Colleague: 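Mind looking over this structure? Questions follow.
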Number of protein chains: 2
Amino acid sequence: MEKRDYSKIVRELKDKGYTLSMARIAILRYVMKENAHYTAEEIYKNLKEEYPTLSIATVYNTLKLLSKEGYLQQIMIDPNKVIYDSTLGIHPHFYCKVCGKIEDINSDIKIQLNKEINGNRVEEAHIYVYGVCKDCLKKQKSKRESLSLN
Amino acid sequence: MEKRDYSKIVRELKDKGYTLSMARIAILRYVMKENAHYTAEEIYKNLKEEYPTLSIATVYNTLKLLSKEGYLQQIMIDPNKVIYDSTLGIHPHFYCKVCGKIEDINSDIKIQLNKEINGNRVEEAHIYVYGVCKDCLKKQKSKRESLSLN
DNA sequence: GTTTATGCAAAAGTTTTGCAAACTA
DNA sequence: TAGTTTGCAAAACTTTTGCATAAAC
């Protein structure tokens, strides 16, 4: 699991004319971790410990900026909550209905995406797969077994 | 464009022990139209005219019930808004970034869905395609043309 | 020194909840 | 009549906004 090169992103954002404030860099570093899937609230809570002056508005502003500039994708797998993912490109996401965990999927689902569908111009696509994750299946199984023993 | 057979659903819900109230039937009828993609708010506003005593809480309760029982699917293509779709089965949805319109897609995207991915049990999947719809493309085109004439 | 971003607090918007009253079977 | 569901109003949550202050370049 390699570390993401956010210094390149910092350079690019600078070139685009953005001010690289403390808050933005902190959020960028936090969010660029491999396989990270965070809500704005999670990012805020975690960074608030280290940067007590941080405000939730800044978190939302920065996440919007990073999404707009193509460094994050917004995952709308969970109603009423946007989750941010720094792994780019069309890749399916798995959502556990039991524990809410999100996982990137890299295989088994193949998608052919045309630039045009029914006369509409296609720009991006998201695939969301719902079910029960490995860990929750294990828990359910051991629960069933202990019940059948009694 | 055929009309949906909601009387069958009414029968099934009765068999499952649900009370078939006026409100539930009205919402069911409203939502079962072909190619309908409604938010709770839209359903509420439209039915409120005919049934002034209807409350938004009942709309949410009923939509949740119908989703749980498998008669509706929740489309989370738009952040902060759940859209309900009575067309079942895995079918991709197209979302126009310009006008917000949602369209069912029945072709061009093929999906192979396994019952198991990375050890996780798969139960359902959603495919969301984002872009600019036919109508908005047309508007943009005519706008560009009229500008280049001046 | 000028411009841009931040933080705060309030607002906006969607969805949920608790409970008495109304309705369904 | 017993058991559910409804409607209301308030609460809970997420996200956005406006504006004075602070930070970045």
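Order of the sequence lines fixes the chain letters, A, B, ..., with proteins taken first and strands second; residue numbering starts at 1 for each chain. Keep in mind that the numbers below use all heavy atoms, side chains included, and drop hydrogens, waters and symmetry copies. Keep in mind it's a predicted model, so treat the numbers as computed, not measured.
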Colleague: Among dT6(D), dA24(D), dA25(C), which nucleotide sits nearest the side chain of R24(B)?
Modeller: dT6(D)
Colleague: Round to a whole Å and report the spacing from NZ of K64(B) to C1' of dT15(C).
Modeller: 8 Å
Colleague: If only side-chain N and O atoms of T58(A) are considered, is one of them under 4.0 Å from the OP1 or OP2 phosphate oxygen of dA5(C)?
Modeller: no
Colleague: Think Y60(B) has a side-chain N or O under 4.0 angstrom from the OP1 or OP2 of dT16(C)?
Modeller: no
Colleague: Angle between ring planes, H93(A) versus H37(A), binned at 30° and 60°: parallel, tilted or perpendicular?
Modeller: perpendicular
Colleague: I need the CG-P distance between N61(A) and dC19(D), as an integer number of Å.
Modeller: 16 Å
Colleague: Please state whether the phosphate of dT14(C), meaning OP1 or OP2, lies under 4.0 angstrom from any side-chain nitrogen or oxygen of K81(A).
Modeller: no
Colleague: May I ask you to decide if T87(A)'s main-chain N or O and D85(A)'s side chain share a donor-acceptor pair within less than 3.5 Å?
Modeller: yes
Colleague: Go nucleotide by nucleotide along DNA chain C from the 5' end; which of M22(B) and Y18(A) gets its closest nucleotide reached first?
Modeller: Y18(A)
Colleague: Name the residue closer to the 5' end of DNA chain D, choosing between G17(B) and K48(B) according to the nucleotide with the nearest heavy atom.
Modeller: G17(B)
Colleague: What is the separation between atom CG on L13(B) and atom P on dT4(D), rounded to the nearest whole Å?
Modeller: 16 Å
Colleague: Establish, with yes or no, whether the OP1 or OP2 oxygen of dA5(C) is under 4.0 angstrom from a side-chain nitrogen or oxygen of S21(A).
Modeller: no
Colleague: Round to the nearest Å and state the distance from Y44(B) atom OH to dT16(C) atom P.
Modeller: 16 Å
Colleague: Return the value, rounded to whole Å, for the distance between atom CD1 of I56(A) and atom P of dA12(C).
Modeller: 19 Å
Colleague: Taking the nucleotide of DNA chain C with the nearest heavy atom to each, does A40(B) or L20(B) sit closer to the 5' end?
Modeller: A40(B)
Colleague: OP1, OP2 of dG7(D) versus side-chain N and O of T53(B): anything below 4.0 Å?
Modeller: yes
Colleague: Would you call V122(A) and K115(A) a side-chain contact if the rule is heavy atoms closer than 4.5 Å?
Modeller: no
Colleague: The side chain of S55(A) is closest to which nucleotide in this list: dT15(C), dG7(C), dA9(D)?
Modeller: dG7(C)
Colleague: Could you tell me how far apart D78(A) (CG) and dT16(C) (P) are, to the nearest whole angstrom?
Modeller: 11 Å
Colleague: Should the pair K33(B) and Y30(B) be classed as cation-pi, given the thresholds of under 6.0 Å to the six-membered ring centre and 45° from the axis?
Modeller: yes
Colleague: CG of L65(A) versus C1' of dT6(C): gap in Å, rounded?
Modeller: 14 Å
Colleague: Using whole Å, report how far CD of Q74(B) lies from P of dT16(C).
Modeller: 8 Å
Colleague: If you define the side chain from C-beta out and look only at heavy atoms, does anything of I83(B) sit under 4.5 Å from E42(B)?
Modeller: no
Colleague: Looking for any heavy atom pair under 4.0 Å, which part of the strands does A23(A) touch: base, sugar-phosphate only, or nothing?
Modeller: sugar-phosphate
Colleague: Go through dT16(C), dT6(C), dA9(C) for me and flag the one nearest to the T62(A) side chain.
Modeller: dT6(C)
